[in-house]
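Predicted, not measured: the structure shown is a model, and the values here were computed from it. The chains referred to below are lettered A, B, ... by the order of the sequence lines, with proteins before strands, and numbering in each begins at 1.
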There are 2 protein chains.
Amino acid sequence: MHGLALRELMFLWQLDQAPGSRLRRVDLATRLNVSQSTVTRLALPLEKLGFVRREADPRDARVGYVVLTKPGRQRVAEARATLERMATDIFRDRWTGKEIATLGELLGRLTASLPGDIDAVGS
Amino acid sequence: MHGLALRELMFLWQLDQAPGSRLRRVDLATRLNVSQSTVTRLALPLEKLGFVRREADPRDARVGYVVLTKPGRQRVAEARATLERMATDIFRDRWTGKEIATLGELLGRLTASLPGDIDAVGS
DNA sequence: CCGAACTACTTCCGGATGCAAGTATTCCCA
DNA sequence: TGGGAATACTTGCATCCGGAAGTAGTTCGG
């Protein structure tokens, strides 16, 4: 049918980068910059597809881990590869390494100096 | 209660910049980078608040203009002022004019070279 | 002058998301 | 050590949005 939505790839990718391929749901939410509800809802289909699996914490019954399965890791590798190809196509022959670095640095500083919510423009 | 949402300000702002303070709904959608449905829905509350008014085209009965009213223009001016204060606060003492210019130029080139839809990552 | 193609707009539908409320569990201190 | 505060998570609700479908009107070729 189709591949992963970008946000699903980011979801799996974070797990792939995490030690033990596992993350608490709160931490995953933080790293993805989304709410906990979103993590809950994103996880469901990925569990059904067998890309992630739930695990409980033996010490703290509140926390639920999301852990990347073997098929999940395989899937991330493929998706990352095609995403990297896309990125390469975008930048090759149009951007120098220095320009990319500059953009990255400026964007980092910009997000750092931005307020959390600029949605409401005072009356 | 509260002020305008950012997207409502952009809506009114586009009208303010347009010749005659009026725009066809399609063109407004294009300038705001949103769908026509969104323009329809955004316009409704703004009409009720009296910031914009509908007008028909005498030549073409299909098109509906959105035109900025006098209170609307007043409101845009206020909101723009506070938005500019916010922007000034963000950049002052942290960014040089040259850095802002560089960021703007790089972002422009980036969006120009980006594909429309990168939401699906091929299987 | 007629109908097909096109255009402008609205409405309906489904997807995505955050927040608030609810549940369960753990922490901490008086 | 008992109970309020804090934490992790899920679910319900409201909002926002784009695309498909529907309506109305215009254009153009034959």
Side-chain angles (χ1 to χ4, degrees), chain A residues 1-15 18 20 22-49 51-67 114-121, chain B residues 1-12 14-15 18 20 22-49 52-68 111 114-121:
Chain A
M1 189 73 88
H2 69 69
L4 295 173
L6 190 50
R7 102 195 83 86
E8 291 173 316
L9 171 57
M10 299 315 262
F11 187 105
L12 298 177
W13 195 346
Q14 286 294 338
L15 291 178
R22 79 182 50 225
L23 238 29
R24 302 192 312 162
R25 299 165 102 84
V26 218
D27 299 332
L28 190 45
T30 303
R31 300 197 188 197
L32 292 171
N33 277 313
V34 297
S35 66
Q36 288 195 26
S37 356
T38 299
V39 169
T40 297
R41 283 183 292 246
L42 274 179
L44 267 173
L46 293 174
E47 282 173 29
K48 291 190 179 172
L49 290 171
F51 293 152
V52 299
R53 159 174 32 101
R54 295 187 72 111
E55 263 181 34
D57 186 324
R59 308 290 188 89
D60 190 335
R62 288 172 303 181
V63 334
Y65 284 94
V66 193
V67 356
L114 240 37
D117 188 3
I118 48 174
D119 211 33
V121 182
Chain B
M1 190 74 88
H2 68 71
L4 294 173
L6 189 52
R7 101 195 87 86
E8 292 174 315
L9 171 56
M10 297 316 262
F11 187 106
L12 299 177
Q14 285 294 337
L15 291 178
R22 78 182 50 224
L23 238 27
R24 303 192 310 161
R25 299 167 103 82
V26 216
D27 299 332
L28 189 46
T30 302
R31 299 196 189 198
L32 293 172
N33 277 313
V34 297
S35 66
Q36 288 195 26
S37 352
T38 298
V39 169
T40 298
R41 282 182 296 244
L42 276 180
L44 267 171
L46 294 173
E47 282 174 28
K48 290 190 178 170
L49 289 172
V52 299
R53 161 175 28 102
R54 295 186 70 112
E55 262 182 36
D57 186 325
R59 309 291 188 91
D60 190 335
R62 290 171 303 180
V63 332
Y65 285 94
V66 193
V67 356
L68 194 61
T111 58
L114 242 35
D117 186 4
I118 49 174
D119 209 33
V121 180

With a non-hydrogen cut-off below 4.0 angstrom, is [X] in contact with a base, only sugar-phosphate, or nothing?
| X | result |
| --- | --- |
| S37(A) | base |
| T38(A) | sugar-phosphate |
| V39(A) | nothing |

Legend entry - Residue-phosphate contact under 4.0 Å: R54(B) side-chain N/O, dA8(C) OP1/OP2: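 No, no such contact exists.
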Inset, instruction - Give a yes or no on whether a donor-acceptor pair under 3.5 Å exists between the nucleobase atoms of dT7(C), that is its base, and the side chain of R62(B). - result: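 Check passes, donor-acceptor contact within cut-off.
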Inset, instruction - Report yes or no: is there a donor-acceptor pair, N or O only, under 3.5 Å between the side chain of R41(A) and the base of dG12(D)? - result: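 Under the 3.5 Å cut-off, the side chain and the base do form a donor-acceptor pair.
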Inset, instruction - Test side chain to side chain donor-acceptor pair (under 3.5 Å) on T40(B) and S37(B) and set out the steps. - result: CA-CA 5 Å; T40(B) 298; S37(B) 352; over 6 Å; no
Can you tell which of [options] lies closest to the side chain of [X]?
| X | options | result |
| --- | --- | --- |
| R7(A) | dG18(C), dT17(C), dC9(C) | dT17(C) |
| Q36(A) | dT26(D), dA8(D), dA8(C) | dA8(D) |
| T40(A) | dT11(C), dT26(C), dT10(D) | dT10(D) |

Mind calculating the distance between [atom1] ([X]) and [atom2] ([N]) to the nearest angstrom?
| X | N | atom1 | atom2 | result |
| --- | --- | --- | --- | --- |
| R25(A) | dA24(C) | CZ | C1' | 15 Å |
| M10(B) | dC16(D) | CE | P | 17 Å |
| E55(B) | dA8(C) | CD | P | 18 Å |
| N33(B) | dC16(D) | CG | P | 19 Å |
| L42(A) | dT11(D) | CG | C1' | 16 Å |
| L32(B) | dC9(C) | CG | P | 13 Å |
| L44(A) | dA16(C) | CG | C1' | 14 Å |
| R59(A) | dA24(C) | CZ | C1' | 20 Å |

Legend entry - Shortest non-hydrogen contact between L15(B) and L28(B), atoms and distance: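 Answer, listing the atom of L15(B) first, then L28(B): CD2-CD2, 4.3 Å.
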Inset, instruction - Identify the heavy atoms of R25(A) and A43(A) that sit nearest to each other, and give their distance. - result: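 Scanning both residues, the minimum pair turns out to be NH2-CB, 3.7 Å.
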Legend entry - Flag side-chain contact, heavy atom, 4.5 Å: R62(B) against R24(B):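 No, side chains not in contact.
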Inset, instruction - Would you mind telling me which residue lines up with the more 5' stretch of DNA chain C, D27(B) or D60(A), judged by nearest nucleotide? - result: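 Between the two, 5'-proximity favours D27(B).
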Inset, instruction - By nearest nucleotide on DNA chain C, pick out whichever of P58(A) and S35(A) is the more 5' one. - result: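 The answer here is S35(A).
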Inset, instruction - Applying side-chain contact (heavy atoms from CB on, under 4.5 Å) between F11(B) and each of L4(B), L68(B), L23(B), V52(B), report the one that passes. - result: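 When side-chain contact (heavy atoms from CB on, under 4.5 Å) is applied between F11(B) and each of L4(B), L68(B), L23(B), V52(B), only V52(B) qualifies.
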